[in-house]
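Data first, discussion second: the structure below is written as structure tokens.
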Amino acid sequence: MYTEDTIAAISTPVGEGGIGIIRVSGPASGAIARRIVRHAMNGDLESHRFCYGSVIDPSTGDTVDEVMVVLMRAPRSFTREDVLEIQCHGGYLVTRRVLDAVLACGVRLAEPGEFTLRAFLNGRIDLVQAEAVIDVIRSKTEAALSLAQHQREGRLSERLGTVRDGLRHALALVEAFIDFPEDDVDPAAQAEIEAKSRQALGLIRELLSGFDEGRVLREGVSVLIAGKPNVGKSSLLNTLLQEKRSIVTSVPGTTRDIIEEVVNVKGLPLRMLDTAGIRETEDIVEREGVRLTLEKIPQADLVLFVLDGGRPFDDDDRMLLDALEGKRFIVVVNKSDLVLHLELPASLAGVTQVAISTATGEGIVDLREAVFQAFIHGVAIDSREYVALSQSRHWDALAKAQECIQTFLANLAASQTLELLAVDLKDALHAVGEVTGETTPDDVLDLIFQRFCIGK
Amino acid sequence: MGLIDYEKQYDVIVVGAGHAGCEAALAAARMGCESLLLTINLDAIALMSCNPAIGGLAKGHLVREIDALGGEMGKNIDATGIQFRILNTRKGPAVRASRAQADKQLYRLRMKHVMEQQDRLSLKQAEVTGLVVEEDRVRGVVTKVGVRFLAETVILTTGTFMRGLIHVGLTHYPGGRAGDLPSVGLSDQLQEIGFTVGRLKTGTPARLDGRTIDFSRLEPQYGDDPPVPFSFSTEAIDRPQIPCYIAYTNERSHEIIRSGLDRSPLYSGVIEGIGPRYCPSIEDKVMRFPDKDRHQTFLEPEGRDTVEYYPSGLSTSLPVDIQYRFYRSIQGLENVEIMRPAYAIEYDYVDPIQLHASLETKLIRNLYHAGQINGTSGYEEAAGQGLMAGINAALRVGGREPLVLGRSDAYLGVMIDDLVTLGTREPYRMFTSRAEYRLLLREDNADLRLREQGHGVGLVREEEYGRFVEKRQRIGAELERLRGTKLLPSEADPDFLSAFGMTGLQNALTFEQLLRRPDITYEELRRIDSLAADVPPAVQEQVEIQIKYQGYIERQLDQVERSRKLEGTRIPADLEYAAIPGLSAEVREKLEKFRPDTLGQASRIQGVTPAAVGILSLAIKARG
């Protein structure tokens with residue numbers, strides 16, 4: 001992890017808070033304040049003094065938001081580097097736009113735990129505190145990896161894989177032309193270089209346009225209540241829908257049985273999947289009910305796995321649990337007001353569990369909090385990374401890749417030399433690699449040897 | 001059996017006199033060490049066992065780096081080359097590479113001569129069968145006839161000789177190279193000590209009798225005129241050059257190859273060693289690329305005074321009868337006679353992840369490995385490691401810190417870092433694509449990158465160094481001049497302006513700005529720059545490249561700067577990965593296996609995530 005550049009991140013939890021803070025740390029903090037904050041005082045911000053102003057989008061000059069800013073010069077700051085904090089209005093989109101303005105100045109999005117890491121490296125906090133950071137870094141990155149694996153089955157990573165393969169392919173062709181000048185490398189391959197990279201660019205554009213990270217908050221996430229019949233799925237749904245603070249709407253679905261009920265949890269809209277199904281299947285034969293639930297699981301961003309606290313963990317529960325492999329879920333133990341007969345299997349250790357009673361309403365507040373935390377910046381509730389962060393990472397990486405490929409194509413059209421074309425392609429691959437994993441020189445050589453009969 | 005102790009004690013003993021061994025021994029002796037070179041055959045010093053050529057893509061870069069550091073390879077090929085070419089002239093300055101055909105016998109004779117004239121260097125013919133090791137430190141070597149030579153340091157450059165096994169068809173016999181004995185015993189001892197020893201395979205084509213080749217039916221390929229030397233110390237090469245010839249296999253050739261596969265040691269599983277993918281045998285090419293109806297070969301002369309020709313790319317381990325039919329199926333070779341048959345050879349190598357970046361082994365102090373024993377292939381790769389091992393052994397003798405080149409300093413640094421960080425499973429060859437800072441590692445600036453270090457360790461002679469310092473000053477001065485000289489619209493030659501689409505130019509432009517344009521070369525600039533003619537060509541080249549590629553070069557320098565902290569952070573040898581909280585089991589296992597010396601190395605191990613590197617850096621810092 002490089003520790004001498006300038007990093008930035010949204011430091012307040014995502015959601016509809018009254019205020020959002022964007023924190024910037026590193027040597028460029030002062031320069032960024034000069035560039036994007038318009039304020040009443042002339043010249044540079046005075047250290048440790050709050051100041052009213054507005055954030056300007058550096059590319060368009062438009063005002064993004066009214067803000068309060070404070071610049072804390074090193075070493076009197078949390079990281080002992082120059083730190084700029086921008087307090088803007090709360091809400092996901094506003095904070096993200098302010099962050100975008102900062103990132104547009106060439107600042108890097110902070111890694112998980114990176115502010116704290118810097119604080120440690122600069123001697124601001126001690127080892128005990130730092131070890132806590134280690135755990136954070138680890139849980140977040142490993143969770144991100146498992147998310148990546150999880151998504152590998154999905155459309156997104158499939159697409160990203162195609163992008164990477166296309167770029168690798170183009171790079172392998174460029175490198176073959178460079179490294180094997182005496183072998184008769186097929187000249188037709190030259191046209192292929194352009195075709196492959198154009199294809200990759202097209203895919204990236206498509207992903208970027210359909211991949212707005214604000215989606216989670218704007219469109220919400222899909223939640224499925226799963227459990228064998230008669231564990232209280234229906235009552236849980238009703239409880240959630242009747243929660244006073246919830247905003248409840250009914251959205252007619254496009255297909256027969258999808259009537260989506262939307263529950264708003266602290267600004268995060270939850271689209272409850274298959275509400276009709278839940279109501280219908282409560283009274284059909286058990287096996288059949290479980291089977292129907294199983295089919296719905298792949299569609300859900302989050303599964304609330306409901307267990308009956310008054311009954312032992314049985315084969316039906318196990319069948320559902322097996323189907324949840326690789327899925328984000330929360331264990332909901334219902335009927336916590338009754339005598340507990342349920343013993344959870346060891347494999348559920350580490351997964352977030354919430355005890356509720358649909359009869360008394362007990363635990364529902366905790367459940368709402370757990371659901372919110374499962375998605376939104378802050379604490380990961382299970383071994384998984386939350387969607388919002390990994391998405392903004394992906395977005396960042398892909399935007400970078402897009403820029404590199406555009407430079408590459410422009411240079412290609414201008415008949416720039418191969419060695420410079422290779423630099424652009426490598427940069428693009430590196431950017432995609434931040435999501436899919438790095439491409440090593442060996443990977444490229446492998447492709448060359450597969451493709452060309454080379455050697456003397 | 002009692003051993004005979006030789007009376008003299010050495011600082012450095014080099015085992016093997018191939019391209020690695022020669023550079024190692026010369027470097028050590030030149031740096032003031034009493035040095036001994038032991039070889040199985042004194043008539044095979046610096047012998048080109050495979051193709052009679054030096055250089056090529058990335059390899060030419062290595063030669064220039066060896067030369068800049070004060071090695072011998074560049075001077076030796078300049079003195080004995082019979083055809084010189086620059087490859088890739090249109091693909092950018094960083095991937096331009098020199099290549100030369102050598103007169104094979106002259107090449108080895110001149111190198112032997114240089115070694116014989118070198119003070120403090122003894123050459124002896126002997127087969128080394130074992131090391132003298134005391135308390136994890138090497139003390140010397142033992143030869144087959146029972147002599148013990150003692151030394152402070154030992155450098156092993158065993159090439160293909162350790163348990164060498166030669167294959168021609170299904171016949172095989174022990175040999176270090178056609179005509180030479182293998183080395184037996186040494187690799188067993190290395191295994192006993194605890195080194196992981198593996199097996200590799202390589203091959204060489206037949207040598208053809210030029211009197212039986214119909215050159216009128218082949219296309220000649222000539223060298224560049226004038227030839228450009230490898231060495232920064234060579235003024236000019238004025239020997240006449242001789243051509244190579246291009247020929248092609250055809251469908252019938254491939255049919256013949258297929259008909260012999262039942263007697264191929266490769267396809268019948270007799271050969272266990274892993275061969276290089278970039279240098280496949282002809283049977284490999286035919287089998288792996290069945291759709292290709294012909295394969296190209298260059299017929300390379302082995303010297304001016306010999307009729308032997310080397311058909312590149314046509315190595316094989318098929319039986320001799322198939323070899324005859326195959327080579328004769330090629331147009332121009334219908335009546336060819338084989339002077340030496342093609343063969344494959346299997347040999348032992350020692351996995352290079354067991355080395356420090358100085359090429360000293362991690363297990364045995366003062367023992368260094370260089371060349372094919374580290375799993376590489378190629379004369380240039382071997383010579384480069386030999387040079388670095390020689391330098392580092394001599395530095396150890398002198399009680400000095402090792403010289404370790406970074407990935408942003410030299411291909412030598414990339415190669416050695418790749419080897420000691422990641423190890424290798426197939427013969428490792430240098431490619432420019434292995435270097436992430438390729439634009440910085442050019443042939444043209446090898447002296448700017450490395451002369452200082454070569455001089456610092458005492459390998460670059462004062463007069464050579466003086467010439468370099470002067471060149472460096474002139475480059476600086478010329479850059480200044482171009483920055484300060486302006487083209488004023490009022491005084492500009494209208495022809496020049498219109499030739500480059502600048503008619504109607506409003507503001508003055510510096511010559512630097514002009515040179516930055518892709519269409520204006522230094523040559524072109526001379527039309528309006530009366531002083532340019534006095535600038536030496538080497539300075540012109542440097543200035544032009546530095547100005548034209550400035551943007552890209554700066555980007556790479558920026559990346560180098562970013563990684564400097566990681567590269568410079570050493571991981572303590574006794575760091576217990578198991579005691580570090582937060583490392584995943586997979587990462588921990590990888591780190592324990594590879595035991596990287598620096599955080600930079602750790603970050604290049606596959607599966608070691610940036611987060612794991614962050615954790616490691618915390619753990620190191622916490623130890624204080």
Side-chain angles (χ1 to χ4, degrees), chain A residues 1-5 111-114 117 120-121 127 130-131 133-142 144-145 171-172 174-184 414-424 426-427 434 437-438 440-442 444-446 448-450 452-456, chain B residues 51 56-58 87-88 90-95 97 99 276-280 284-285 288-289 292 295-298 312-314 418 422 431-436 438-439 518 549 552 555-556 561-563 565-566 580-584 604 606 609-615 617-619 621-622:
Chain A
M1 198 180 288
Y2 182 63
T3 54
E4 280 166 24
D5 53 356
E111 306 274 334
E114 198 171 1
L117 175 72
F120 170 75
L121 290 176
L127 185 63
E131 275 173 354
V133 182
I134 287 178
D135 287 341
V136 172
I137 298 174
R138 186 176 89 126
S139 73
K140 296 211 173 179
T141 40
E142 289 192 349
L145 274 182
L171 181 62
V174 170
E175 295 292 348
F177 277 110
I178 289 176
D179 260 334
F180 301 92
E182 288 172 295
D183 288 276
D184 41 353
S415 308
Q416 191 52 275
T417 55
L418 281 178
E419 64 178 16
L420 298 184
L421 295 176
V423 174
D424 297 324
K426 277 186 197 166
D427 286 351
E434 285 172 21
E438 283 290 340
T440 66
D442 267 343
V444 174
L445 284 169
D446 281 346
I448 295 177
F449 295 134
Q450 274 166 29
F452 297 112
C453 178
I454 259 157
K456 35 169 303 190
Chain B
N51 64 328
L57 250 286
L87 310 176
N88 264 357
R90 282 207 284 270
K91 295 174 192 166
V95 299
R99 186 177 187 283
R277 280 173 306 169
Y278 46 82
C279 193
D284 249 355
K285 294 184 188 184
R288 286 188 42 224
F289 296 93
K292 231 176 130 110
H295 296 278
Q296 180 181 259
T297 173
F298 292 89
S312 77
L314 301 184
D418 278 352
L422 308 171
F431 295 107
T432 71
S433 55
R434 296 197 195 269
E436 60 271 49
R438 179 159 65 192
L439 296 182
Y549 293 85
Y552 278 90
R555 248 161 81 188
Q556 297 216 321
E561 197 46 51
R562 280 162 176 265
S563 63
K565 208 161 186 173
L566 286 184
I580 300 174
L583 286 182
S584 73
R604 283 186 287 278
Q606 198 146 38
T609 56
V613 174
I615 291 168
S617 97
L618 280 178
K621 208 143 185 155

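What you see is a predicted model, and the numbers here were worked out from it, not measured in a lab.
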> Side chain, backbone, both or neither: which part of Tyr552(B) has a non-hydrogen atom closer than 4.5 Å to chain A?
Replying inline: side chain

>> Using heavy-atom distances under 4.5 Å, tell me whether Pro518(B) contacts chain A through its side chain, its backbone, both, or neither.
In response: neither

>> Using side-chain contact (heavy atoms from CB on, under 4.5 Å), reason through Leu418(A) and Val95(B) one step at a time and then give a plain yes or no.
In response: CA-CA 9 Å; Leu418(A) 281 178; Val95(B) 299; 5.9 Å; no

> Taking C-beta and beyond as the side chain, do Pro181(A) and Leu57(B) meet within less than 4.5 Å on heavy atoms?
Replying inline: yes

> Just how far is it from atom OH of Tyr549(B) to atom OG1 of Thr417(A), taken to the nearest 0.5 Å?
Replying inline: 4.0 Å

>> Between Ser433(B), Ser617(B), Ala58(B), who has the most heavy-atom pairs with chain A when the cutoff is under 4.5 Å?
In response: Ser433(B)

> With only heavy atoms counted, which part of Ala435(B) is less than 4.5 Å from chain A, the side chain, the backbone, both or neither?
Replying inline: backbone

> OG1 of Thr432(B) to CZ of Phe180(A): how many Å apart, nearest 0.5 Å?
Replying inline: 9.0 Å

> Can you name the one residue among Arg438(B), Lys91(B), Arg434(B) that meets salt bridge (Lys or Arg N to Asp or Glu O under 4.0 Å) with Glu175(A)?
Replying inline: Arg438(B)

> What closest approach, in Å, do Glu419(A) and Pro93(B) show between heavy atoms, and which atom pair accounts for it?
Replying inline: OE2-CD, 3.0 Å

>> Which atoms of Arg90(B) are under 4.5 Å from chain A, going by heavy atoms: the side chain, the backbone, both sets, or neither?
In response: backbone

>> Please report the interatomic distance CG(Asp179(A)) to CG(Asn88(B)), rounded to the nearest 0.5 Å.
In response: 8.0 Å

